[in-house]
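Report on the following structure.
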Amino acid sequence: MNEQRKLMRQIQVFSFAVYEAALYLDGHPCDKRAIEYYNKHRNKLAELTEKYEKHFGPLTITGNCSHEWKWVDGAWPWEYTCD
Amino acid sequence: MEYSNDNRTPLDRIDRDFLAELLEDNGEGCGHRSCHESRSNRKSEYCERCTPKVKDNCSMREALLDCTCNRQEPSCDLCRDTDRSPKLEGFPLAMVYSPFQEWEHIYEAEEALKRGTIFKKLDLPFYGPTCTSCNCNKHGH
């Protein structure tokens, strides 16, 4: 697995954890351990996302971190393959 | 709207014998709630009484409680098995309870994505829908 895919996998892992914690927190907004977990994983996700976008281009329309418009350089949805 | 004066809890309303039957389920039965055929008396994973009820094309034979037989086979006995909800006639339709979830037994993030949940306690086997008629080849989501 190349570096880009490894990083993407990590982003998926931490995104999932963040969403799960968020769903739990909707029903348990005062659970300190859950908030702690959420913050820890959210920070890690932000860190990974920043790293990914810096090296491989924006993941979302708000992720263009260059003086050039990189958003159009990545694969379009119909260009992805299921490998 | 009229409300019942019956203040019993759902647990109180369950027939005592039926409750005992549920609690006594020690895993020895074939999976049918009221089946107590011991494993040693069985020719297969199902007891003598239950085996003929499962069609060969039943896609989840191993899921003992839940037949997802092909709907093209409307004669599957398991689907007409009235044993699956004995003595529950007359109960209110929607009285469902769930324990309040607690923050515990959290998977590592990598494992969580593989399992589909961060909560070990929610990582449960899924046997599909419980069929109550033979129109049952629908997998719940």
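All chains are named by letter (A, B, ...) in the order of the sequence lines, taking the proteins before the strands, and each is independently numbered beginning at 1. Since the model is a prediction, treat every value here as computed from it, not as a measurement.
Criterion: ILVMFWY side-chain heavy atoms under 4.5 Å apart, direct or through other members. Under it, B/Leu124 and B/Phe119 are not part of a common hydrophobic cluster. With hydrophobic clusters built from ILVMFWY side chains whose heavy atoms lie under 4.5 angstrom apart, B/Leu122 shares a cluster with B/Ile118.
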Do chain B and chain A have donor-acceptor pairs under 3.5 Å, and which are they?
from, atom 1, to, atom 2, distance (Å)
B/Gln101, O, A/His28, NE2, 2.8
B/Trp103, N, A/Tyr24, OH, 2.9
B/Trp103, O, A/Arg33, NH1, 3.4
B/Trp103, O, A/Arg33, NH2, 3.1
B/Glu110, OE2, A/Arg9, NE, 3.4
B/Glu110, OE2, A/Arg9, NH2, 3.3
B/Thr117, OG1, A/Glu20, OE1, 3.1
B/Ile118, N, A/Glu20, OE1, 2.8

